[in-house]
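Input: a single structure, listed below in structure tokens.
For the numbers below, each heavy atom of this structure counts, side chains included, while hydrogens, waters and symmetry mates do not.
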Amino acid sequence: MPQPIAIANGHANRPKVLIPEKVSPDGLRLLQVSLEVHERKGLTPDELLQIIGEYDALIVRSETKVTAPLLAAGKKLRVVARAGVGVDNVDLTAATKLGIIVVNSPQGNINAAAEHTIALLMAVARNVGDACASLKAGKWERSRLVGVEVKGKTLAILGLGKVGLTVARAAGGLGMNLIAYDPYANPSLAASANVEILPTMDELFAQADFLTIHTPMIASTKGMIGDTELAKMKPTARILNVARGGIVDERALLSALETGAIAGAGIDVFTSEPPQAGDAASRLIAHPKVVATPHLGASTAEAQENVSIDVCEQVLSILSGQLPRSAVNAPIILPEEYRTLQPFVTLLEKMGSLYTQHFSPSNTAQQLRATFELTYEGSLASANTTKPLFAALVKGLLSPITSADSLNINIVNAEYVAKERGILINESRSRDKLDQEGYSASVTLRARLDTRSPSANRTARGDPFATATASTSTSHSSSARRQQKKKEKKMEDQIITGFISNNTPYIGRLGRFSTSFVPEGTMLLCRNYDEPGKIGVVGGRLGKAGVNIRFMNVAPIDEDDDWEEGLLQKVDSVVRDGGGHGTPAKAEKEALMILGVDRAVSDEVRRSLLGDDGVLEASVVVL
Ligand SMILES: NC(=O)C1=CN([C@@H]2O[C@H](COP(=O)(O)OP(=O)(O)OC[C@H]3O[C@@H](n4cnc5c(N)ncnc54)[C@H](O)[C@@H]3O)[C@@H](O)[C@H]2O)C=CC1
Ligand SMILES: O=C(O)C(=O)COP(=O)(O)O
């Protein structure tokens, strides 16, 4: 196997970028400052598969097939960059599932592709290829090689996107009549380029003197032009394809040229590149009425410089934790918007992790089969996108129960991962002002446990709130039952509110308790009766175990909480997973003690806190 050529330097711990195709050095120079850049042309698919695991980024053009197995083998891969437009050689579904961002350069080679289309248009109209070959073969065949003019002819454009429109503007300058079919075309852009949009493809085929294809290669465009479509064209019509091989059925095109159903073709792209000897593409290339080029649409010095710089800048952004400007499988988020959301991204990840560690006693994925309501409040309610926040929450919820190396959750795959894990998150916005709160935006996570699911039952057994519900379920009147149901529903809620102050994330509410602490490091959270002596008991036990307290915060029950009334009733309370430490009925108010500690608290120490001294529940969280 050929050895890697380290263009940059020998720093082993720098992120590595693999470039298995010819990509312009203009962009690569940008990478070399901070990354290890390996240009390795001519690798077989197997060789690529063997080495991809070392790389953080892969930059390709159209030749490399970025398949699902290749992506799966790219354990460190964070970005696949396509130095060009078409991403039909990249398995986008697989990349999305794996959280690998795919970027391209949607503008960099548009002009080159359009100019190449015009080159083929003129070459086909004036038999340039055939004439050149004839002359080089020593012949002088002027009368056989009489062409047609394009001025006054109709150019039919299939796919009026960026390349299609650029071709239209240039062809307009050549005096051509312009028509197009594109169900998603922008009518005002079409009108400004003097292009008439036709309602059906059939009309396009019937009117075309030249038909030029500029759609992407996707399932709906594959084989879009076959025998039936070609039969609708004028026998004098000529076809141009600078988009993708396979949009026009090569066998059907060959047959139409052979039977004289159409007059000629200019082809830059083929189903298999390079074409295999004897296949339809090779026979097309050899056909006298065809002008063919080996996928040269984007091959200009200018276009290659553009696409190289464009994708290399994006690779650098992604590897440094920023968002790219042209992600194919992720939402586009403006840099200033991303900066504003960044502190909330940190907050949401902490809130998710806190939820799983604090509310989900057995810390299992099964436990997360709840419906989460995520409410963005205050100024956050007007955010253009909340995708990074959603992704951060999913990551946070799963991080305590998933191994770090399999936890590549980001805006690319968050929705897929949540769905796969059965986590349902409904996002909503509340525009209520947060004037008195001292911060302008907050976010509340509320879990509604499905009482019918086995997981919820397990939670109900372990959750002290649920115990309170059970103990008050003795009333039989219908209004009492309604009351009871309301209470039960509320008690199934597990709430965390967070906010940002001075760029620092805070937890403002945890369950029924109103608080304000920075979710950072190892913490012991104790729910206890709000009576003297509790701090001393907990502090003493931690001290004995050699655990220092960094900070402490006592959270009372939230003032707005109408459960308080219910909680002041004498209810039985059973200590959660306390090994049967039943606590007798009490009438006291409760509080939540939050202790930041300097080291891990063993489960033995945690359990030792429960029971007799009025500590009802204790959980250790690492944030
Ligand atoms: N030969 C070469 O070297 C190059 C080839 N290309 C190819 O050119 C093609 C177009 O690129 P862009 O203009 O940048 O893409 P684009 O996305 O801007 O435009 C594609 C247009 O096709 C339209 N479309 C999609 N499905 C359609 C259908 N069934 N019928 C009619 N219209 C449909 C879309 O609405 C869109 O307006 C791509 O396949 C790209 O890979 C691009 C650059 C260089
Ligand atoms: O950008 C595109 O879609 C192209 O087809 C250009 O392909 P290339 O980068 O020249 O292999």
Side-chain angles (χ1 to χ4, degrees), residues 116-137 139-159 167 171 174 176-181 198 200-215 221-272 275-293:
H116 197 68
T117 308
I118 298 293
L120 289 184
L121 168 79
M122 298 310 300
V124 168
R126 302 302 290 269
N127 303 309
V128 172
D130 196 358
C132 180
S134 157
L135 191 57
K136 286 188 181 192
K139 299 180 197 164
W140 189 257
E141 300 183 287
R142 298 182 65 212
S143 52
R144 187 178 73 81
L145 295 165
V146 174
V148 293
E149 292 183 17
V150 299
K151 184 177 175 187
K153 299 286 181 341
T154 296
L155 179 67
I157 304 166
L158 185 57
V167 168
L174 294 171
M176 299 188 81
N177 304 319
L178 305 168
I179 56 174
Y181 175 77
L198 300 184
T200 67
M201 234 193 301
D202 281 358
E203 287 171 68
L204 192 81
F205 296 137
Q207 292 184 37
D209 292 314
F210 292 86
L211 172 71
T212 186
I213 298 152
H214 299 291
T215 66
T221 59
K222 191 170 180 198
M224 184 185 207
I225 299 176
D227 292 315
T228 318
E229 291 71 27
L230 291 165
K232 291 173 184 156
M233 298 185 71
K234 299 176 194 173
T236 51
R238 292 159 172 90
I239 289 192
L240 309 168
N241 187 2
V242 183
R244 277 295 176 274
I247 298 175
V248 184
D249 179 331
E250 286 163 345
R251 190 210 44 77
L253 180 58
L254 186 64
S255 149
L257 288 166
E258 279 168 352
T259 59
I262 62 163
I267 312 171
D268 184 47
V269 283
F270 303 90
T271 308
S272 163
Q276 304 302 303
D279 67 9
S282 302
R283 285 156 60 210
L284 271 175
I285 291 164
H287 198 280
K289 291 181 188 164
V290 170
V291 177
T293 48

Less than 4.5 Å apart, side chain to side chain, heavy atoms only: is that true for [X] and [Y]?
{"X": "T293", "Y": "V242", "answer": "no"}
{"X": "I239", "Y": "I213", "answer": "yes"}
{"X": "L253", "Y": "I262", "answer": "yes"}
{"X": "E250", "Y": "L254", "answer": "no"}
{"X": "V148", "Y": "F210", "answer": "yes"}
{"X": "T212", "Y": "L155", "answer": "yes"}

message: Regarding D209 and R238, does a basic nitrogen lie under 4.0 Å from an acidic carboxylate oxygen?
response: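 Between R238 and D209 there is no salt bridge, as every charged N stays at least 4.0 Å from the carboxylate O atoms.
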field: Lys/Arg N to Asp/Glu carboxylate O, D130 vs K289, below 4.0 Å
entry: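 A salt bridge is absent here (no side-chain N lies under 4.0 Å from a carboxylate O).
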- prompt: Is R142 atom CZ crowded by more than 12 heavy atoms from other residues, nucleotides or ligands, each under 6.0 Å away?
  reply: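 12 or below, so no.
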- prompt: Counting heavy atoms not belonging to E149, are there more than 12 under 6.0 Å from its CD?
  reply: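 Not buried by this count: 12 neighbours or fewer within 6.0 Å.
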- request: Please check if any side-chain donor atom of Q207 sits under 3.5 Å from a side-chain acceptor atom of T154, or the reverse.
  value: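 Per modelled atom types, Q207 and T154 side chains form no pair under 3.5 Å.
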query: For S255 and E258, does a side-chain donor sit closer than 3.5 Å to a side-chain acceptor?
result: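 Their side chains do not contain a donor-acceptor pair, so the 3.5 Å distance test is not met.
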Verdict with reasoning, R244 to T271, per side chain to side chain contact (heavy atoms under 4.5 Å, CB included): CA-CA 7 Å; R244 277 295 176 274; T271 308; over 6 Å; no
message: Determine whether a donor-acceptor pair (N or O, by modelled atom type, separation under 3.5 Å) exists between the side chain of D227 and the backbone of L230.
response: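 Answer holds: no.
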Check: T221 side chain, M224 main-chain N or O, donor-acceptor pair, under 3.5 Å: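 Side chain of T221 to backbone of M224: no pair is present.
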- request: Any chance you could lay out the side chain to side chain contact (heavy atoms under 4.5 Å, CB included) test for L284 and I267, step after step, and finish with the verdict?
  value: CA-CA 9 Å; L284 271 175; I267 312 171; 3.9 Å; yes
message: Applying side chain to side chain contact (heavy atoms under 4.5 Å, CB included) to T117 and D268, what does each step give before you reach the verdict?
response: CA-CA 9 Å; T117 308; D268 184 47; over 6 Å; no
query: So which heavy atom on D279 is nearest to which on S272, and how close?
result: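 Result for this residue pair: OD2-CB, 4.4 Å.
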- request: I would like to know whether I157 and Y181 meet side chain to side chain contact (heavy atoms under 4.5 Å, CB included); could you show each step before the answer?
  value: CA-CA 6 Å; I157 304 166; Y181 175 77; over 6 Å; no
task: Among L120, L211, I118, V167, find the one that has a side-chain contact (heavy atoms from CB on, under 4.5 Å) with L240.
output: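 Of L120, L211, I118, V167, side-chain contact (heavy atoms from CB on, under 4.5 Å) with L240 is met by L120 alone.
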